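Below, chains carry the letters A, B, ... as their sequence lines are ordered, and counting in each starts from 1. All figures in this text were calculated on a predicted structure; none of them were measured in a lab.
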Amino acid sequence: MSYSDYFGFEILNTSSETNARAGILKTPHGNVLTPIFMPVGTNSAVKMLTNEQILNAGAQIILANSYHMYLRAGCDLIRKAGGLHKWMNFNKPILTDSGGFQVFSLSKLRKITQDGIHFQDPINGSKHYITPEISMKIQQDLGADIIMAFDECAPYPCDYEQAKSALDKTKKWLERCFEAHKNYRQALFPIVQGAFFEDLRAESARFVSKFDAAGYAIGGVSVGEPSEIKNKITAYTAPLLPFNKPRYLMGVGTPVDLIEGIKSGIDMFDCVLPTRNARHGTFFTYSGNKIIKNKQYESDFTPLDENCDCYTCRNHTKAYIRHLFKTRESTAGTLLSIHNIHFLIKLSQDLRNSILENTFESYSKKLLAGFNSVNKN
RNA sequence: GCGGGUAUCGCCAAGUGGUCAAGGCAUCGGAUUGUGGUUCCGAUAUACGUGGGUUCGACUCCCACUACCCGCC
């Protein structure tokens, strides 16, 4: 028995001039067509959306967070409920993050030791301790299809020593994660760290590649660095990972970053941006980001994007959504979330099709020109 | 009709006899990348009810008027 009884990855075609590839990821809860964007459902829910809305927006796989579920619902409860899939009644693949990044980004008070991370719940101040073994236990209780290694994410900017130290810990912790993880129905993805130093990234990629995993992730990006730096380190790192396994770029991103990542050979993405932006009133279009509260949409009776066929664009106008947003109706966030999630998933699937049809280079170039026509996104 | 009170930007609301009259909301623009669902940043207004007076100087003191509010007849 091994994870390969439950997981598989098939590459259907590759781009001739770039590292882009189109594939199928097999999981116990169904197949995922890659490249794919995965919506984030931190607290076992994609904010403001029902499962039906998530699925109608095109979601094939979603994320949930160990950190949040551990602190709030509690892992015992989820285990008793029968795991995340039954708990939230979501029957498609789920991926859980390990909690390493959340401790890094959310906990004000934390202390990192060689063994694990001490931190305080940012909401009630209670003290907690997570080790690689505990993270594996949490993620086993949650029961997602894909689980992530417990890593230490270096901040940006950071010096070489700091990056090296975080990487060394991440390497040791990865060994402990694999040692502790025995459930073959859950694929454990290692995470490449190394901040923005190429030699550290190379070292990390070499190290994780030694483990026989169902997929590999690139972490440590989207921590405040400029997009150019992110895309450069991604382009450098992705090809160093096993060719025939899915590569997951964590925390990315914008429509442009998605294209750049796919170009570099990335197969999976997740990001809070579509839903957070939606809650704050920004929506994606093929001609760049736009802000629904802007006065120019006051009497604009056209959809968010003329070329979008999501539920929101098929049914509502900018003027209406703007009104909902200005009057703080939560439906505004729902409608924009549906659009933004649909947009990124559609983008990934359209690019997938272009790879299959050998038109990726021209198609992605055309999209980039559109995104850059209004602003940087 | 009598007595009392209040009148400051679209709204609410500080405030002192002395360069540029707080702040909040609203408005306008921006941010957001392994999620803190009411977040953060920035911008804008020829606002002191009207007319007189006192004073070197009044939004701040006095008088009248107007509007509104509260009592009484």
Side-chain angles (χ1 to χ4, degrees), chain A residues 37-49 61-69 71-72 95-108 121-124 135 139 144 146-156 170 189-193 217-231 234 248-258 260-261 266 268-284 288-298 322 325-334 336-337 340-341 344 374-377:
Chain A
F37 175 79
M38 309 181 283
V40 178
T42 302
N43 292 303
S44 64
V46 176
K47 292 183 191 300
M48 295 183 151
L49 300 185
I61 171 174
I62 63 171
L63 262 71
N65 283 92
S66 301
Y67 174 89
H68 299 261
M69 297 311 296
L71 283 180
R72 229 51 68 182
L95 180 156
T96 47
D97 201 356
S98 65
F101 181 83
Q102 285 67 39
V103 170
F104 156 79
S105 68
L106 301 178
S107 300
K108 290 269 184 281
D121 182 335
I123 293 179
N124 66 18
S135 176
Q139 294 190 81
I146 297 172
I147 67 176
M148 301 305 299
F150 190 66
D151 61 338
E152 182 186 348
C153 184
Y156 177 84
T170 297
F189 280 25
I191 301 174
V192 173
Q193 288 291 346
I218 296 174
V221 297
S222 293
V223 287
E225 77 283 4
S227 265
E228 307 78 67
I229 293 181
K230 179 208 332 281
N231 294 328
T234 301
Y248 164 27
L249 183 62
M250 307 184 76
V252 173
T254 67
V256 170
D257 287 349
L258 227 63
E260 293 299 334
I266 298 296
M268 304 161 70
F269 303 84
D270 81 280
C271 192
V272 304
L273 209 56
T275 44
R276 177 181 293 162
N277 272 357
R279 270 175 275 124
H280 296 172
T282 298
F283 60 99
F284 300 133
N289 284 5
K290 292 175 182 171
I291 299 175
I292 195 63
K293 69 182 176 182
N294 285 3
K295 191 168 183 61
Q296 67 182 111
Y297 304 126
E298 187 172 34
R322 176 178 191 270
F325 188 82
K326 300 279 286 185
T327 52
R328 302 185 185 190
E329 288 292 335
S330 62
T331 301
T334 299
L336 290 177
S337 290
N340 283 349
I341 284 177
L344 290 185
V374 167
N375 60 30
K376 62 179 184 292
N377 282 323

Take atom [atom1] of [X] and atom [atom2] of [N], then tell me their distance rounded to the nearest Å.
X: A/F37; N: B/rG34; atom1: CZ; atom2: C1'; value: 11 Å
X: A/F283; N: B/rU33; atom1: CZ; atom2: P; value: 20 Å
X: A/L49; N: B/rG37; atom1: CG; atom2: P; value: 13 Å
X: A/L336; N: B/rU38; atom1: CG; atom2: C1'; value: 15 Å
X: A/H68; N: B/rG37; atom1: NE2; atom2: C1'; value: 13 Å
X: A/I341; N: B/rU33; atom1: CD1; atom2: C1'; value: 14 Å
X: A/K230; N: B/rU32; atom1: NZ; atom2: P; value: 10 Å
X: A/I146; N: B/rG34; atom1: CD1; atom2: P; value: 18 Å

Watson-Crick/G-U partner (both atom distances under 3.5 Å) of [N]:
N: B/rU44; value: none
N: B/rG71; value: B/rC2
N: B/rG37; value: none
N: B/rA26; value: none
N: B/rU66; value: B/rA7
N: B/rG18; value: B/rC56

Using a 4.0 Å heavy-atom cut-off across all strands, classify [X] as base, sugar-phosphate, or nothing.
X: A/Q193; answer: base
X: A/G100; answer: nothing
X: A/I191; answer: base
X: A/D270; answer: sugar-phosphate
X: A/R72; answer: nothing

Between [N] and [M], how far is it from one [atom1] atom to the other, in whole Å?
N: B/rU33; M: B/rC41; atom1: P; result: 16 Å
N: B/rG3; M: B/rC63; atom1: P; result: 14 Å
N: B/rA58; M: B/rG18; atom1: P; result: 12 Å
N: B/rU8; M: B/rC59; atom1: P; result: 15 Å
N: B/rG10; M: B/rC28; atom1: C1'; result: 14 Å
N: B/rA64; M: B/rU54; atom1: C1'; result: 15 Å
N: B/rA31; M: B/rU66; atom1: C1'; result: 49 Å
N: B/rA22; M: B/rC9; atom1: P; result: 13 Å

Separation between [atom1] of [X] and [atom2] of [Y], rounded to the nearest 0.5 Å:
X: A/E260; Y: A/E228; atom1: CD; atom2: CD; result: 10.0 Å
X: A/N65; Y: A/T42; atom1: CG; atom2: OG1; result: 4.5 Å
X: A/Y156; Y: A/K230; atom1: OH; atom2: NZ; result: 10.5 Å
X: A/F37; Y: A/I341; atom1: CZ; atom2: CD1; result: 7.0 Å

For [N], take OP1 and OP2 only and decide whether either is under 4.0 Å from a side-chain N or O of [X].
X: A/K326; N: B/rU27; answer: yes
X: A/N289; N: B/rG30; answer: no
X: A/R276; N: B/rU33; answer: yes
X: A/R328; N: B/rA26; answer: yes
X: A/N294; N: B/rC28; answer: no

Do you know the tightest heavy-atom contact between [X] and [Y]?
X: A/I218; Y: A/I191; result: C-CG2, 4.4 Å
X: A/R322; Y: A/N294; result: NE-O, 2.9 Å
X: A/V252; Y: A/F269; result: O-CB, 3.1 Å
X: A/I291; Y: A/Y297; result: O-CE1, 3.1 Å

If you take atom types as modelled and just measure distance, does the side chain of [X] reach the base of [N] with a donor-acceptor pair under 3.5 Å?
X: A/T282; N: B/rU32; value: yes
X: A/D151; N: B/rG34; value: yes
X: A/S330; N: B/rU38; value: no

Both A/G281 and A/F325 contact RNA chain B. Which one's nearest nucleotide lies toward the 5' end?
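Its nearest nucleotide lies further toward 5', so the answer is A/G281.
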
Quick check for you: among [options], whose closest atom lies nearest to any side-chain atom of [X]?
X: A/H280; options: B/rG29, B/rU32, B/rG34; result: B/rU32
X: A/K47; options: B/rG37, B/rG34, B/rC28; result: B/rG37
X: A/I291; options: B/rG37, B/rA31, B/rC28; result: B/rA31
X: A/V272; options: B/rG34, B/rC28, B/rU33; result: B/rG34
X: A/K293; options: B/rG34, B/rG29, B/rU32; result: B/rG29
X: A/N65; options: B/rU32, B/rG34, B/rG29; result: B/rG34
X: A/K295; options: B/rG34, B/rC28, B/rU33; result: B/rC28

Just by distance, with hydrogens left out, do A/T282 and A/N289 show a side-chain donor and acceptor under 3.5 Å apart?
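The criterion, which ignores hydrogens and geometry beyond distance, is not satisfied for A/N289 and A/T282.
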
